[in-house]
Amino acid sequence: MHEVTGWAAASPGAPIRPWTFARRDPRPQDVVVRLTHCGICATDRHAVGGGDPAAFPLVPGHEMVGEVVEVGAEATRFATGDPVAIGNIVDSCGVCPECRAGRENDCREFPTLTYGGADLVSGGITQGGWSTEYVVDERFLYAAPAGLDPAAVAPLLCAGVTTYAPLRRFGAAPGTTVGVVGVGGLGHLAIRFAHALGAETVAFTSTEAKGEAARGLGADDVVVTRDEKQMADQARRCDIVLDTTGAALDPAPYLNALAVDGTLVLAGIPPEALRLDPMSLIVGERRIAGTGSAGRPVTREMLEFCATHGIGADVEIVRPDGIDAALERLGRGDVRFRFSVDLT
Ligand SMILES: [Zn+2]
Ligand SMILES: [Zn+2]
(Lines give C-alpha, C1' and ligand atoms only; values in the text may rest on other atoms or scores of the structure.)
(Ligands and ions follow the chains in the order given, each with its own letter.)
Protein backbone atom coordinates (compact mmCIF):
# COMPACT_ATOMS: atom_id res chain seq x y z
CA MET A 1 0.00 0.00 0.00
CA HIS A 2 0.95 3.62 -0.63
CA GLU A 3 1.37 5.54 2.65
CA VAL A 4 0.38 9.19 2.38
CA THR A 5 -0.31 12.11 4.71
CA GLY A 6 -3.82 13.45 4.72
CA TRP A 7 -5.57 16.16 6.70
CA ALA A 8 -8.58 14.51 8.27
CA ALA A 9 -11.42 14.95 10.72
CA ALA A 10 -11.21 11.99 13.15
CA SER A 11 -14.96 12.12 13.82
CA PRO A 12 -17.90 14.34 12.82
CA GLY A 13 -17.16 17.93 13.85
CA ALA A 14 -13.58 17.16 14.95
CA PRO A 15 -10.75 19.53 13.97
CA ILE A 16 -8.65 18.83 10.87
CA ARG A 17 -5.38 17.14 11.81
CA PRO A 18 -2.60 15.33 9.92
CA TRP A 19 -3.30 11.63 9.52
CA THR A 20 -1.21 8.93 7.88
CA PHE A 21 -3.20 6.45 5.82
CA ALA A 22 -2.76 4.04 2.91
CA ARG A 23 -3.84 4.63 -0.68
CA ARG A 24 -4.41 1.59 -2.83
CA ASP A 25 -1.44 0.21 -4.72
CA PRO A 26 -1.69 1.52 -8.27
CA ARG A 27 -3.59 -0.80 -10.62
CA PRO A 28 -2.47 -1.15 -14.25
CA GLN A 29 -4.72 1.71 -15.42
CA ASP A 30 -3.96 3.94 -12.41
CA VAL A 31 -1.89 7.08 -12.19
CA VAL A 32 -0.28 8.32 -8.97
CA VAL A 33 -0.47 12.09 -8.56
CA ARG A 34 1.59 14.14 -6.12
CA LEU A 35 -0.81 16.89 -5.13
CA THR A 36 0.21 20.53 -4.95
CA HIS A 37 -3.16 22.21 -4.34
CA CYS A 38 -6.71 21.32 -3.38
CA GLY A 39 -9.67 23.65 -3.03
CA ILE A 40 -12.03 23.92 -0.08
CA CYS A 41 -15.67 23.46 -1.13
CA ALA A 42 -18.86 24.00 0.87
CA THR A 43 -19.41 20.25 0.47
CA ASP A 44 -16.20 19.64 2.44
CA ARG A 45 -17.46 21.79 5.29
CA HIS A 46 -20.71 19.83 5.43
CA ALA A 47 -18.87 16.51 5.17
CA VAL A 48 -16.60 17.13 8.17
CA GLY A 49 -19.35 18.77 10.19
CA GLY A 50 -21.62 15.75 10.39
CA GLY A 51 -22.65 12.49 8.83
CA ASP A 52 -22.09 8.83 9.61
CA PRO A 53 -19.32 8.34 12.23
CA ALA A 54 -18.42 5.08 10.43
CA ALA A 55 -17.18 7.22 7.51
CA PHE A 56 -14.45 8.78 9.71
CA PRO A 57 -11.54 9.53 9.81
CA LEU A 58 -12.45 11.51 6.70
CA VAL A 59 -10.07 13.32 4.36
CA PRO A 60 -12.16 15.81 2.33
CA GLY A 61 -11.14 17.68 -0.80
CA HIS A 62 -12.24 17.17 -4.41
CA GLU A 63 -10.62 19.99 -6.34
CA MET A 64 -7.11 18.65 -6.89
CA VAL A 65 -4.13 19.75 -8.91
CA GLY A 66 -0.75 18.07 -8.99
CA GLU A 67 1.88 16.28 -10.99
CA VAL A 68 2.06 12.70 -12.25
CA VAL A 69 4.71 10.73 -10.36
CA GLU A 70 3.89 7.15 -11.40
CA VAL A 71 1.98 5.59 -14.30
CA GLY A 72 0.47 2.09 -14.30
CA ALA A 73 1.53 -0.44 -16.93
CA GLU A 74 -1.70 -0.07 -18.95
CA ALA A 75 -2.21 3.68 -18.48
CA THR A 76 -1.38 5.48 -21.70
CA ARG A 77 -2.77 9.00 -21.50
CA PHE A 78 -0.32 10.58 -19.06
CA ALA A 79 3.41 10.64 -18.43
CA THR A 80 5.49 11.34 -15.35
CA GLY A 81 5.74 15.08 -14.77
CA ASP A 82 2.44 15.99 -16.47
CA PRO A 83 0.41 18.70 -14.69
CA VAL A 84 -2.97 17.12 -13.93
CA ALA A 85 -6.24 17.64 -12.08
CA ILE A 86 -8.87 15.49 -10.37
CA GLY A 87 -12.47 16.42 -9.57
CA ASN A 88 -15.22 15.03 -7.41
CA ILE A 89 -15.79 11.75 -9.30
CA VAL A 90 -13.09 9.09 -9.63
CA ASP A 91 -14.98 6.16 -11.13
CA SER A 92 -18.33 5.05 -12.53
CA CYS A 93 -19.84 1.85 -13.92
CA GLY A 94 -18.81 2.82 -17.46
CA VAL A 95 -21.58 0.82 -19.16
CA CYS A 96 -24.92 2.42 -18.27
CA PRO A 97 -26.51 4.78 -20.83
CA GLU A 98 -25.42 7.86 -18.89
CA CYS A 99 -21.81 6.71 -18.62
CA ARG A 100 -21.79 5.86 -22.32
CA ALA A 101 -23.07 9.37 -23.02
CA GLY A 102 -20.22 10.90 -21.01
CA ARG A 103 -22.47 11.89 -18.14
CA GLU A 104 -20.69 9.85 -15.50
CA ASN A 105 -21.96 12.18 -12.78
CA ASP A 106 -25.40 10.71 -13.46
CA CYS A 107 -24.22 7.07 -13.55
CA ARG A 108 -27.13 4.73 -12.72
CA GLU A 109 -24.90 2.80 -10.30
CA PHE A 110 -23.92 6.13 -8.71
CA PRO A 111 -20.40 7.36 -9.43
CA THR A 112 -17.57 6.81 -6.99
CA LEU A 113 -17.05 10.07 -5.17
CA THR A 114 -13.52 11.30 -4.57
CA TYR A 115 -13.92 10.89 -0.82
CA GLY A 116 -16.42 8.90 1.18
CA GLY A 117 -17.10 6.85 -1.98
CA ALA A 118 -17.01 3.10 -2.46
CA ASP A 119 -14.04 1.87 -4.48
CA LEU A 120 -15.70 -0.26 -7.17
CA VAL A 121 -12.79 -2.74 -7.21
CA SER A 122 -11.71 -3.10 -3.59
CA GLY A 123 -14.89 -1.98 -1.84
CA GLY A 124 -12.79 0.34 0.32
CA ILE A 125 -13.77 3.92 1.12
CA THR A 126 -12.11 6.67 -0.90
CA GLN A 127 -10.26 9.52 0.83
CA GLY A 128 -10.00 13.00 -0.67
CA GLY A 129 -7.49 15.52 -1.84
CA TRP A 130 -6.35 17.26 1.31
CA SER A 131 -3.42 14.91 1.13
CA THR A 132 0.00 14.52 -0.40
CA GLU A 133 -0.94 11.98 -3.09
CA TYR A 134 -3.95 10.57 -4.90
CA VAL A 135 -4.19 7.32 -6.86
CA VAL A 136 -6.73 7.50 -9.67
CA ASP A 137 -7.87 5.59 -12.73
CA GLU A 138 -6.56 7.58 -15.68
CA ARG A 139 -10.08 7.83 -17.13
CA PHE A 140 -10.88 10.30 -14.35
CA LEU A 141 -7.66 12.27 -14.56
CA TYR A 142 -7.50 15.53 -16.54
CA ALA A 143 -4.72 17.56 -18.07
CA ALA A 144 -4.36 20.77 -16.07
CA PRO A 145 -4.40 23.95 -18.20
CA ALA A 146 -0.88 25.07 -18.95
CA GLY A 147 0.10 28.61 -18.05
CA LEU A 148 -2.36 29.03 -15.19
CA ASP A 149 -1.51 29.19 -11.49
CA PRO A 150 -2.25 25.67 -10.15
CA ALA A 151 -3.72 27.16 -6.95
CA ALA A 152 -6.29 28.95 -9.14
CA VAL A 153 -6.94 25.87 -11.27
CA ALA A 154 -7.91 23.62 -8.36
CA PRO A 155 -11.37 25.17 -7.75
CA LEU A 156 -12.25 24.71 -11.42
CA LEU A 157 -12.66 20.99 -10.74
CA CYS A 158 -15.85 21.48 -8.71
CA ALA A 159 -16.91 25.13 -8.55
CA GLY A 160 -15.84 25.60 -12.16
CA VAL A 161 -17.43 22.62 -13.80
CA THR A 162 -20.63 22.93 -11.75
CA THR A 163 -21.21 26.39 -13.20
CA TYR A 164 -19.73 25.89 -16.67
CA ALA A 165 -21.79 22.77 -17.43
CA PRO A 166 -25.27 24.36 -17.17
CA LEU A 167 -24.18 27.49 -19.03
CA ARG A 168 -23.19 25.27 -21.96
CA ARG A 169 -26.17 22.92 -21.60
CA PHE A 170 -28.66 25.79 -21.73
CA GLY A 171 -26.90 27.69 -24.47
CA ALA A 172 -25.04 30.67 -23.00
CA ALA A 173 -23.62 32.41 -26.08
CA PRO A 174 -23.54 35.77 -27.85
CA GLY A 175 -27.07 37.14 -28.09
CA THR A 176 -28.19 35.53 -24.83
CA THR A 177 -28.37 37.01 -21.35
CA VAL A 178 -27.18 35.13 -18.26
CA GLY A 179 -28.01 36.13 -14.72
CA VAL A 180 -25.68 34.87 -11.98
CA VAL A 181 -27.05 34.97 -8.44
CA GLY A 182 -24.32 35.32 -5.81
CA VAL A 183 -20.75 36.55 -6.24
CA GLY A 184 -18.83 33.91 -4.29
CA GLY A 185 -16.86 30.73 -4.89
CA LEU A 186 -19.16 29.47 -7.64
CA GLY A 187 -20.63 32.80 -8.69
CA HIS A 188 -17.36 34.54 -9.49
CA LEU A 189 -16.45 31.71 -11.88
CA ALA A 190 -19.96 31.68 -13.39
CA ILE A 191 -19.61 35.40 -14.18
CA ARG A 192 -16.23 34.81 -15.83
CA PHE A 193 -17.61 31.90 -17.86
CA ALA A 194 -20.80 33.66 -18.96
CA HIS A 195 -18.80 36.70 -20.04
CA ALA A 196 -16.19 34.60 -21.89
CA LEU A 197 -18.97 32.62 -23.61
CA GLY A 198 -20.14 35.94 -25.04
CA ALA A 199 -23.40 36.27 -23.13
CA GLU A 200 -24.58 39.54 -21.66
CA THR A 201 -23.89 38.88 -17.99
CA VAL A 202 -25.94 40.22 -15.11
CA ALA A 203 -24.79 39.72 -11.52
CA PHE A 204 -27.49 39.49 -8.87
CA THR A 205 -26.14 40.25 -5.40
CA SER A 206 -27.62 41.13 -2.03
CA THR A 207 -24.39 42.93 -1.13
CA GLU A 208 -24.06 46.23 -2.97
CA ALA A 209 -20.32 46.22 -2.21
CA LYS A 210 -19.88 43.11 -4.35
CA GLY A 211 -21.18 44.94 -7.43
CA GLU A 212 -17.77 46.43 -8.15
CA ALA A 213 -16.11 43.01 -7.90
CA ALA A 214 -18.77 41.53 -10.19
CA ARG A 215 -18.05 44.14 -12.85
CA GLY A 216 -14.35 43.42 -12.52
CA LEU A 217 -15.09 39.74 -13.20
CA GLY A 218 -16.96 40.59 -16.40
CA ALA A 219 -20.52 41.40 -15.38
CA ASP A 220 -22.15 43.92 -17.73
CA ASP A 221 -24.74 44.88 -15.16
CA VAL A 222 -25.39 44.44 -11.44
CA VAL A 223 -28.77 44.03 -9.78
CA VAL A 224 -29.13 44.48 -6.03
CA THR A 225 -31.55 41.76 -5.03
CA ARG A 226 -32.88 43.57 -1.95
CA ASP A 227 -34.18 46.33 -4.21
CA GLU A 228 -37.65 45.14 -5.23
CA LYS A 229 -38.02 47.73 -7.97
CA GLN A 230 -34.69 46.75 -9.55
CA MET A 231 -35.71 43.09 -9.38
CA ALA A 232 -39.10 43.77 -10.97
CA ASP A 233 -37.36 45.69 -13.76
CA GLN A 234 -35.53 42.49 -14.81
CA ALA A 235 -38.75 40.88 -16.08
CA ARG A 236 -38.07 38.55 -19.04
CA ARG A 237 -34.46 39.68 -19.33
CA CYS A 238 -32.45 36.49 -18.83
CA ASP A 239 -32.29 33.26 -20.83
CA ILE A 240 -30.52 31.57 -17.91
CA VAL A 241 -30.47 32.49 -14.24
CA LEU A 242 -27.84 30.49 -12.37
CA ASP A 243 -28.38 30.56 -8.62
CA THR A 244 -25.04 29.80 -6.97
CA THR A 245 -26.03 30.75 -3.43
CA GLY A 246 -27.44 27.49 -2.08
CA ALA A 247 -29.66 29.72 0.05
CA ALA A 248 -33.40 29.45 0.56
CA LEU A 249 -34.24 32.14 -1.97
CA ASP A 250 -37.77 32.91 -3.05
CA PRO A 251 -37.65 31.74 -6.69
CA ALA A 252 -40.47 34.08 -7.79
CA PRO A 253 -38.40 37.19 -8.67
CA TYR A 254 -35.83 35.06 -10.50
CA LEU A 255 -38.44 33.19 -12.51
CA ASN A 256 -39.93 36.57 -13.36
CA ALA A 257 -36.49 37.62 -14.63
CA LEU A 258 -36.49 34.74 -17.12
CA ALA A 259 -37.37 35.21 -20.77
CA VAL A 260 -39.74 32.82 -22.51
CA ASP A 261 -38.19 29.30 -22.46
CA GLY A 262 -35.71 30.52 -19.85
CA THR A 263 -34.10 28.25 -17.27
CA LEU A 264 -33.50 28.81 -13.57
CA VAL A 265 -30.54 26.62 -12.58
CA LEU A 266 -29.88 25.69 -8.97
CA ALA A 267 -26.21 25.05 -8.23
CA GLY A 268 -26.49 24.76 -4.48
CA ILE A 269 -28.76 22.80 -2.19
CA PRO A 270 -31.17 25.14 -0.43
CA PRO A 271 -31.86 24.11 3.17
CA GLU A 272 -35.58 23.91 2.60
CA ALA A 273 -38.00 22.86 -0.14
CA LEU A 274 -38.70 25.32 -2.93
CA ARG A 275 -42.09 26.94 -2.86
CA LEU A 276 -43.28 28.33 -6.12
CA ASP A 277 -46.36 29.50 -7.94
CA PRO A 278 -46.86 27.07 -10.88
CA MET A 279 -48.06 30.03 -12.97
CA SER A 280 -44.50 31.42 -12.85
CA LEU A 281 -43.46 28.37 -14.88
CA ILE A 282 -46.54 28.16 -17.10
CA VAL A 283 -46.41 31.80 -18.13
CA GLY A 284 -43.23 32.08 -20.20
CA GLU A 285 -42.90 28.26 -20.47
CA ARG A 286 -39.96 28.38 -18.10
CA ARG A 287 -38.14 25.53 -16.40
CA ILE A 288 -36.05 24.83 -13.32
CA ALA A 289 -32.94 22.67 -13.57
CA GLY A 290 -30.14 21.54 -11.27
CA THR A 291 -26.38 21.21 -11.61
CA GLY A 292 -23.73 19.46 -9.57
CA SER A 293 -20.43 18.64 -11.24
CA ALA A 294 -20.40 17.06 -14.72
CA GLY A 295 -19.11 14.13 -16.73
CA ARG A 296 -15.70 13.74 -18.26
CA PRO A 297 -16.29 15.38 -21.68
CA VAL A 298 -17.64 18.60 -20.20
CA THR A 299 -14.91 18.66 -17.54
CA ARG A 300 -12.28 18.36 -20.26
CA GLU A 301 -13.98 21.04 -22.35
CA MET A 302 -14.19 23.38 -19.34
CA LEU A 303 -10.46 23.01 -18.62
CA GLU A 304 -9.61 23.68 -22.28
CA PHE A 305 -11.92 26.71 -22.25
CA CYS A 306 -10.12 28.02 -19.15
CA ALA A 307 -6.74 27.54 -20.82
CA THR A 308 -7.92 29.43 -23.92
CA HIS A 309 -9.48 32.28 -21.97
CA GLY A 310 -7.01 32.40 -19.07
CA ILE A 311 -9.72 31.69 -16.51
CA GLY A 312 -8.85 30.56 -13.01
CA ALA A 313 -10.47 31.10 -9.64
CA ASP A 314 -9.55 33.97 -7.34
CA VAL A 315 -8.12 32.15 -4.36
CA GLU A 316 -6.82 32.72 -0.88
CA ILE A 317 -4.03 30.21 -0.33
CA VAL A 318 -3.91 28.45 3.04
CA ARG A 319 -1.56 25.91 4.53
CA PRO A 320 -3.00 22.62 5.81
CA ASP A 321 -2.77 23.85 9.43
CA GLY A 322 -5.00 26.75 8.39
CA ILE A 323 -7.85 24.57 7.09
CA ASP A 324 -9.92 24.80 10.29
CA ALA A 325 -9.78 28.60 10.26
CA ALA A 326 -10.64 28.58 6.55
CA LEU A 327 -13.65 26.30 7.13
CA GLU A 328 -14.89 28.61 9.86
CA ARG A 329 -14.54 31.64 7.55
CA LEU A 330 -16.21 29.75 4.71
CA GLY A 331 -19.20 29.17 6.99
CA ARG A 332 -19.56 32.96 7.27
CA GLY A 333 -19.04 33.52 3.55
CA ASP A 334 -15.80 35.33 4.39
CA VAL A 335 -13.54 34.35 1.48
CA ARG A 336 -12.56 36.04 -1.74
CA PHE A 337 -13.55 33.88 -3.50
CA ARG A 338 -12.27 30.36 -2.87
CA PHE A 339 -9.71 28.77 -0.53
CA SER A 340 -6.96 26.71 -2.09
CA VAL A 341 -4.81 24.54 0.19
CA ASP A 342 -1.09 24.57 -0.62
CA LEU A 343 0.00 20.95 -0.12
CA THR A 344 3.62 21.36 -1.20
ZN1 LIG B 1 -17.33 20.75 -4.39
ZN1 LIG C 1 -22.76 4.23 -15.18
Side-chain angles (χ1 to χ4, degrees), residues 41-47 49-51 88 103 105-106 110 158-159 161-172 176-191 193-194 199 201-208 210-211 214 219 221-294 330-334 337:
C41 179
T43 307
D44 302 325
R45 202 176 71 82
H46 292 298
N88 69 341
R103 299 186 65 164
N105 53 314
D106 289 318
F110 199 74
C158 177
V161 76
T162 294
T163 51
Y164 179 84
L167 293 178
R168 290 282 287 127
R169 183 153 31 108
F170 298 112
T176 67
T177 299
V178 171
V180 175
V181 188
V183 186
L186 273 68
H188 89 287
L189 286 169
I191 291 169
F193 288 143
T201 305
V202 183
F204 290 81
T205 177
S206 59
T207 323
E208 226 156 315
K210 282 195 172 176
D221 196 6
V222 175
V223 175
V224 177
T225 56
R226 277 179 285 100
D227 184 331
E228 280 178 33
K229 161 94 172 50
Q230 262 194 60
M231 287 297 279
D233 287 347
Q234 308 309 311
R236 300 218 176 183
R237 182 175 184 184
C238 299
D239 301 286
I240 302 168
V241 170
L242 175 54
D243 174 13
T244 68
T245 63
L249 299 180
D250 174 6
Y254 298 101
L255 290 168
N256 181 59
L258 286 175
V260 169
D261 284 334
T263 307
L264 172 62
V265 184
L266 303 179
I269 305 171
E272 52 195 66
L274 280 186
R275 263 192 289 173
L276 60 98
D277 173 1
M279 286 308 287
S280 63
L281 296 179
I282 291 164
V283 175
E285 299 171 74
R286 298 152 173 143
R287 60 197 160 183
I288 298 181
T291 177
S293 91
L330 182 60
R332 292 187 267 121
D334 172 24
F337 287 100

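Basis for what follows: all heavy atoms, side chains included, without hydrogens, waters or symmetry-related copies.
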Closest heavy-atom contact between [X] and [Y]?
X: Ala194; Y: Leu167; answer: N-CD1, 3.8 Å
X: Val222; Y: Gly211; answer: CG2-O, 3.6 Å
X: Pro271; Y: Ala247; answer: CD-C, 4.1 Å
X: Val223; Y: Gln230; answer: CA-OE1, 3.3 Å
X: Ala159; Y: Gly185; answer: CB-O, 4.0 Å
X: Pro166; Y: Val161; answer: CD-O, 4.3 Å

Please answer whether the main-chain N or O of [Y] pairs with a side-chain N or O of [X] as donor and acceptor at a distance below 3.5 Å.
X: Asp227; Y: Val224; answer: no
X: Asn88; Y: Cys158; answer: no
X: Thr162; Y: Ser293; answer: yes

Pairwise distance [atom1]([X]) to [atom2]([Y]) - rounded to 0.5 angstrom:
X: Arg226; Y: Glu208; atom1: CZ; atom2: CD; value: 6.5 Å
X: Met231; Y: Tyr254; atom1: CE; atom2: OH; value: 4.0 Å
X: Arg236; Y: Leu255; atom1: CZ; atom2: CG; value: 12.0 Å
X: Thr291; Y: Tyr164; atom1: OG1; atom2: OH; value: 12.5 Å
X: Arg168; Y: Ile240; atom1: CZ; atom2: CD1; value: 10.5 Å
X: Ile288; Y: Thr263; atom1: CD1; atom2: OG1; value: 10.0 Å

Around [X], counting heavy atoms of other residues, nucleotides and ligands shown, do more than 12 lie under 6.0 Å from its [atom1]?
X: Arg286; atom1: CZ; value: yes
X: Glu285; atom1: CD; value: no
X: Arg45; atom1: CZ; value: yes
X: Leu274; atom1: CG; value: yes

ask   = For Val181, which of Val202, Val241, Val265, Leu186 qualifies under side chain to side chain contact (heavy atoms under 4.5 Å, CB included)?
value =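 Of all the options given, the one that passes is Val241.
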inquiry  = Please verify the inter-ring angle class for Phe337 with His188; under 30° counts as parallel, over 60° as perpendicular, anything in between as tilted.
reply    =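 Because their plane-to-plane angle is under 30°, the rings of Phe337 and His188 count as parallel.
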ask   = What's the verdict on side chain to side chain contact (heavy atoms under 4.5 Å, CB included) for Thr225 and Thr205, showing C-alpha distance, side-chain angles and the deciding distance?
value = CA-CA 6 Å; Thr225 56; Thr205 177; 5.8 Å; no
Electrostatic pair Asp221-Arg237, nearest N-O below 4.0 angstrom =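 The answer is yes: the pair qualifies as a salt bridge.
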State, with a plain yes or no, whether a side-chain heavy atom of [X] is found less than 4.5 Å away from one of [Y].
X: Asp243; Y: Leu249; value: yes
X: Leu258; Y: Asn256; value: no
X: Thr163; Y: Leu242; value: yes

Residues which pass salt bridge (charged side-chain N to carboxylate O under 4.0 Å, His left out) with Arg332, listed by chain and number, not counting sequence neighbours =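 Result, salt bridge (charged side-chain N to carboxylate O under 4.0 Å, His left out) vs Arg332: Glu328, Asp334.
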